[in-house]
Amino acid sequence: MSNKIIVIVGATASGKSKISLELAKKINANIINADSRQIYKEICIGTAKPTNQTQETVFWDEIKHFGFNLCGVYDNFNVANFLDYFNEKAEETFEENKNLILCGGTGLYLDACIFGLSKIPEISVETKQKVRKLYEEVGLEELAKVLRQNDKITNLDEKNPHRVIRALEVFLETKIPLAKWHELNPRTKTNFEFEIFGLELERKKLYEKINKRVDFMLENGMLEEAKFLKKFNFKDEGITKFGIGYRYLIYFLDGKMDFDEAKELMKKETRNYAKRQLTWLRKDENIHWINAEQKEKETLDEILAFPTEKIDF
RNA sequence: GCCGAGAUAGCUCAGUCGGUAGAGCGAAGGUCUGAAAAACCUUGCGUCCCCAGUUCGAUUCUGGGUCUCGGCA
C-alpha cells in the first residue's frame, strides 16, 4: 500500500482544484481539500467550492473529494480538528488502495498535515470566553501584561491579538506556558510521505485571475450568502474567517459602502491574501514549482513526468 | 478667447520663511503550532512640469512656456 501523498499548493485562483481533479483521474486518487473556508456547509460561492453539494464527501466528476462541509458557520473548527480529519481520510483512502492528493491554500492546515501539531489539551469554552471578555475589557496591552506575569517563555508578537489570546488561554487552562507544551510535545509527523507541487504564475496574471474570480462570485450569488451570514450578526473579526468578501458585502447591505467599492476592496484584499500565501509557500524548499501559465494538460504532464522512483503513480 | 486655481512618490495631497522633501492610500518584502482568506511586522531618491533670470545655492522667488481643472464668454 502506498503512503505517498501528492500535495498541490499555490495561491488562491492559481488553478489548484482543477489540476488536482485532472490529476486524480489519471492516477486513481481521492482528493482532500485543505481550505479553511470550504469546511463550512452553508457557504459555497464565496469560498470557491467546486459544487454546491452539502454532504461531507463530495463527488465532482466522479472523483471523491474530502474536506468540504465539515461544520456549520456557527461551529468552532480549528487546525487540530482538520488534522484529525485528514489522518482519518488518508487512512481510508489508502485502505481503498487509491492515491491521495492534498490540495489547498491554507498554509496552516497544510503545515499541520505535513509536519504535525504539538498535542495540547483542548481549551474549554469557559476559558475561551473568559480571555476574550478580558481582551475586550482591558485591551491588548493589558492582556499581554497578564500573559507575561504568568508565562515568561513563550515568544510571540505581543501586538497580535490572536497569538496573545491563544497563549493566555493555554496557560489559564493548563497552567503550562504554550512554549512549554511545544517543548514537551514536539510536532510529530505521521508516517505518510509527501511530494509537494506548487502552481506558479506571474504575479500580474495571478492578479488578473483573482479579479475575474471575484467578478464571477458576485455574478453567481455570493451576495445571497452574505445576506445569510448577516443574519448571524457576526462581528467584523468573526465574519472574516469565512472569506475576505463577506465583510464588505455586509457593509454594502448595511448601506455603509456602495457595491463597486465593496467589489474593489474584495479584489484588493484577495490579491493581498495571495501575496501572503506566496510568502508562506516560498520558504518551503521541498516544493517543486510548476508553471501554471501553460495549458492545463501541459501542467499536468509536468507533474506526471516527475521521477517515478520518487512517486509510484 | 478672458479670468482664476493647480502641476511634488503608482494615486490623493502636504511641505520647504531659498540649503534637493513626507503623510495617507496603493505596492513590495516578511512572520506563522487549535479563529489562518485570520492576525501582525518592516520598507518612501522622487528629472519636486519645462526653459531662462536672480542667488554661493532654486523644487521654493521672478519672467516666459506647456499641460490640467474650474468660472465667464
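Here is how names work: the chains are called A, B, and so on, in the same order as the sequence lines, proteins then strands, and each is numbered from 1.
Between A:F86 and A:F82, the two ring planes are parallel [angle under 30°; tilted spans 30° to 60°]. Note: A:F77 and A:Y109 have tilted aromatic rings, judged against thresholds of 30 and 60 degrees for the angle between ring planes. Relative ring orientation between A:F94 and A:F192 is described as tilted, the plane-to-plane angle lying within the 30° to 60° band. Between A:Y251 and A:Y248, the ring-plane angle classifies as perpendicular under the 30° and 60° cut-offs.
Atom-to-atom, OH of A:Y273 to C1' of B:rC32 comes out at 13 Å; the value is rounded to the nearest Å. One atom, CD of A:E169, and another, P of B:rA35, lie 7 Å apart when rounded to the nearest Å.
Among the atoms of the strands shown, none is found under 4.0 Å from any heavy atom of A:K235. Within the nucleic acid shown, A:F115 has no heavy atom closer than 4.0 Å to any nucleic acid atom. Residue-level contact check: A:N272 touches the backbone only, with heavy atoms under 4.0 Å from sugar-phosphate atoms and none from bases. Among the protein residues, A:T279 comes within range of the nucleic acid bases, having at least one heavy atom under 4.0 Å from a base atom. Among the atoms of the strands shown, none is found under 4.0 Å from any heavy atom of A:F82. Across all strands shown, A:I120 has heavy atoms under 4.0 Å from base atoms, whether or not it also approaches the sugar-phosphate. Heavy atoms of A:W181 sit nowhere under 4.0 angstrom from any nucleic acid atom. Nucleic acid contact class of A:Y207 (heavy atoms, under 4.0 Å, all strands): sugar-phosphate only. Within 4.0 Å (heavy atoms only), A:K283 reaches at least one base atom of the nucleic acid. Residue A:R213 is out of contact with every strand shown, counting any heavy-atom pair closer than 4.0 Å.
Rounded to the nearest Å, the gap between the C1' atom of B:rG29 and that of B:rU8 is 26 Å. Nucleotides B:rU20 and B:rG15 are separated by 13 Å at their C1' atoms, to the nearest Å.
Residue A:T106 is the one, among A:R247 and A:T106, whose nearest nucleotide of RNA chain B lies closer to the 5' end (criterion: closest heavy atom). In terms of position on RNA chain B, the residue among A:R166 and A:T270 whose nearest nucleotide sits closer to the 5' end is A:R166.
Applying the 90° cutoff around 0 to the glycosidic angle, B:rG63 is assigned anti.
A:E293 places a side-chain N or O within donor-acceptor distance of the main-chain N or O of A:E202, the cut-off being under 3.5 Å.
No donor-acceptor contact under 3.5 Å links the side chain of A:R203 to the base of B:rA28.
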